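Structure first, commentary second.
Since the structure is predicted, the reported quantities are computational estimates derived from the model, not experimental observations. Reckoned from all heavy atoms, side chains included, excluding hydrogens, waters and symmetry mates. Sequence lines set the chain letters: A, B, ... in the order given, protein chains first and strands last, and positions in each chain run from 1.
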Amino acid sequence: MRRLAVIALPYLWLLALFLVPFVIVLKISLSDTAIAIPPYTPILDLSAGWDGLRDFVADLDFENFAFLATDDLYWKAYLSSLRIAFVATVLTLLVGYPVAYAMARAEESWRPLLLMLVILPFWTSFLIRVYSWMGILSQEGYLNQLLMGLGLIDQPLTILNTNAAVYIGIVYTYLPFMILPIYATLEKLDTSLLEAAEDLGCSRMSAFWLVTVPLSVPGILAGCFLVFIPVIGEFVIPSLLGGSETLMIGKVLWEEFFSNRDWPVASAVAVILLLILIVPIVLFQRNEQKQREAGG
Amino acid sequence: MKTDFAVLTAAVLAATAAAAEDVRVYNWSDYIDEDLLTRFEEETGIDLIYDVYDSNEVLETKLLAGGSGYDVVVPTATFLQRQIAAGVYQPLDPAQLPNLENMWDVVSDRTGVYDPDGTYSVNYMWGTTGIGANPDQVAAVLGDGAPLGSLALVFDPANMEKLAECGVHFVDAAAEMFPAALTYLGLDPDSKDADDLEKAADLLEAVRPYVQKFHSSEYINALANGEICVAFGYSGDILIARDRAAEADNGVEIVYNPPKEGALMWFDQMAIPADAPNPEAAHAFLNFMMDAQNMAAASNYVYYANGNKASQEFLNEDVIGDPAIYPSAETLENLYTVTPFPARAQRVLTRLWTRVKSGT
Amino acid sequence: MSPQTVFAPWEDPASKPLIRFYGVTKRFGDFTAIDNIDLDIFEREFFALLGPSGCGKTTLMRMLAGFETPTEGTIWLDGRDIGPVPPNKRATNMMFQSYALFPHLNVRDNIAFGLRREGKPKDAIAARVDEMLRLVQLQKFAGRKPHQISGGQRQRVALARCLAKAPRLLLLDEPLGALDRKLREETQFELMDIQEKTGTTFVIVTHDQEEAMTVASRVAVMDHGKLVQVATPDVIYEAPVSTYVADFIGDVNILPGRIAAQDGTRVTIDWAEGQPAIAARTRLALAPGSAAYFAIRPEKIAISAARPEGAANAVAGKVLDIAYLGNISTYHVELPGGQVIKAQSANTDRIAAREFTWEDAAWLSWTDAAGVVLDR
């Protein structure tokens, strides 16, 4: 009985925090908009018993999903989100890997401090950190002042409100999620493997590519998924740092929900987004599983 | 004697009851003189819990989800109308609002479009949507005599191309930008016709490459810092930018002009949600705010015009005397209001706005 | 050199060493790991570096591989100063203590790793890998990943991987440390076999004296960064130069004393009150009265019930302890002065017929050539 409870607990957790909200969203996505509180029909009327349930189910349909197919905005937004998430993940990897590598190669006594520095930004509100980037990247911002002060540019660069600013914001915000798993694999890496590679004829560089990189693949994959998955649905960074041409599904979702007050269509957008995310999430899980098996 | 005693008892009981109760007010950020809040608590003995938001959409979503817990909210009239239709509000009780007599018919006639006879709401502040400009910077790129008070400044691509050098922001609100575009095209600003909206979208798309950003409020800082030279947005926001620049003494001068072709009027209305926990206290708050001196204090603080006729004699000269806040009678003639978009037209509008902003 | 002659190039002044350490010192900060070492290692040698942990043997080997550079002095390989040559350009390969097999590559790819870096043609690489797999008898495991094979198999893959490139010099860092005793002994012979077949020069680092004795043509005993003795295993065992070497290798009785008299190679040592002086032979010239140590292996001491006739050295005591090891027994015999001397004898009879038991009186005896006289 106690064992059953132990097993049931995480499932209850999952049920309460994921499945139930998802079912609610799914239900709304099958409803129609209405000028009412809440702004959709039908509402499940439990007092009417079976008839109420039957009427409720009969009124549900997939027209909101069909609607998503009629306008190219949606798939373009999904695609654009995937593209932005992909590019941002690659950029985060390019910045994060050398940092993780340097940390793993640093003297052991320094590592706890370096780790803390990586996590340190989390001690400040995410929103404040993104806002401070607005101050750095704006026309009159610190970056432009610095570059002009150094005489590198005559005219301030327009960075804020472009995709470049979105990428900077994403790379900055998600960097720890990339660094930490890569660091974890690199730190475990047996340095005698690198010596063996050198001994067998590798230069330092080729030893890095032939040994260090392949052996850090699990960390790279974990980091990439941890960045890619949340960035697809990212809303705050593109709305604060992005320009109007930054098309992301998170913003479209916001507009459906807030501007159009079309909760059903907004829910349909969210359901599709979840379905898209399932692919990388499953891949991520498989990677974790493989790593556990290799480790055990 | 006996009667007096009863009255006294009732008053004491009421005061005791009131002391135990509170009123929750949900208003726009930076939209009140906070001294008024303390004064309300002192006068009525009701605890005031004051909370702020910065978008109509956020407010609306809370109200539509139900059970917001607020007693007084201040939506913009266009939003108010459909919220009334959704059953969000309760009718006001005129018996509890003796200060209704202070209201200004010029304003309440127009808000009647959204809330006939003011059944559900009273006006808090109102303003126009128009052009904020930094005359020096505009003159630097367009030369002297640039049409600072005309829609041509922001809708003529030839002007915008040059203005892009010094920076232009548009307020990120389709409901403000489309009526203005329709007005510039000579069409009915209140048109819900898909073809008309399409034409307005084409016009907006023509100048879109020169717009640095569409945002609900960022143009306040951008104007004040001199980062941009033109913003199309709410009068109140642009006046805040003007004052901030003046305070900072950074050499930035900002002027606000309602477009001479006609300017959209907006109204922020105080209303009481149907599920307000404490409607009596809500009425007390509304009545308190409708007091001539209190309302004047609010306007003097935020530099917005209000819908309270009686308050005008208490307004500072830099408020009542500023045509950017209280337009002249003839400009007032030129101001228009629009009706809210029905659901289907709203979707068309949002979609066109997305197309304008993102090219998709 | 004909096959009949004993392999001993170090005794031939005409032979050129493959490796020459010349005044090599290595310091890590204040710590001196290698202290002014001169050493020659010859082609086809199986050379063992022996010593306790921290004696500098691993550092010496890592300098050969190129992972450390000498602070002072030079190292020559094939008549060339290899100081500036990076590890990947040296004709040496190393087998790591941890084996350092690449976990992401299978056995075949591990063995092929070094060959691929040379840019050899594919079929040549495949042929060489097959040859190596045959040599270490792992043909069946070519497709497995390192974590899918046993410790002994991993060790053989590591060996095959560093042999694949046919290095001039193969370095083995405690190669058998991770194996159990039986497997280790088998592998030792396998190693010698492979060394003979391939004719490669091996340098092995070990702290296991038995292993060094078994496999090596010569052994260098190290202590605190210095070479204490470099010699063939039998010389190291039979003629250690110091009590440190004598004690490090095998079981030994070390009896401290003073030189009583010396006459040519004959020497007598006073070592304990009430005991006759030890008669021994030595080539050392020792002043009477100077401190000296007499070191004698237990198996060179005979134990008997009666005083043996004509023994050069004989002492009486009583049996304190008996360690029965199956093939032999070690007797701990206590002398009247309290000293304990170990003597070993082969158990030619079954245990029931044993001559001595605890507390029995016994005589220990040895010849004057059985032990060595040491001055340090």
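Residue A:Ala207 does not touch chain C at all, counting heavy-atom pairs closer than 4.5 Å. Using a 4.5 Å cut-off between heavy atoms, C:Arg161 contacts chain A through both its backbone and its side chain. Heavy atoms of A:Leu210 lying under 4.5 Å from chain C belong to its backbone as well as its side chain. Contacts between C:Phe96 and chain A at a heavy-atom distance below 4.5 Å involve the side chain alone, from C-beta outward. Interface remark: A:Asp190 contributes side-chain atoms only to the contact with chain C (heavy atom separation under 4.5 Å). Looking at C:Leu101, only its backbone comes within 4.5 Å of chain A, counting heavy atoms on both sides.
Figure legend: cation-pi geometry between A:Lys76 and A:Tyr74 absent, as NZ or CZ is not positioned both under 6.0 Å from the six-membered ring centre and within 45° of its axis.
Counting heavy-atom pairs under 4.5 Å between each of C:Ala164, C:Ala65, C:Pro103 and chain A puts C:Pro103 at the top.
Between the side chain of C:Arg154 and the backbone N or O of C:Ile149, at least one donor-acceptor pair lies under 3.5 Å. A donor-acceptor contact shorter than 3.5 Å links the side chain of C:Gln195 to the backbone of C:Thr200.
Between A:Phe177 and the choices A:Phe122, A:Phe284, A:Tyr183, A:Phe228, the ring pair (Phe, Tyr, Trp, His ring centres under 6.0 Å) rule is met once, by A:Phe122.
In this structure, A:Trp133 has its ring center closer than 6.0 angstrom to the ring center of A:Tyr172.
Ring planes of A:Tyr97 and A:Phe208: perpendicular class, angle over 60° (limits at 30 and 60°).
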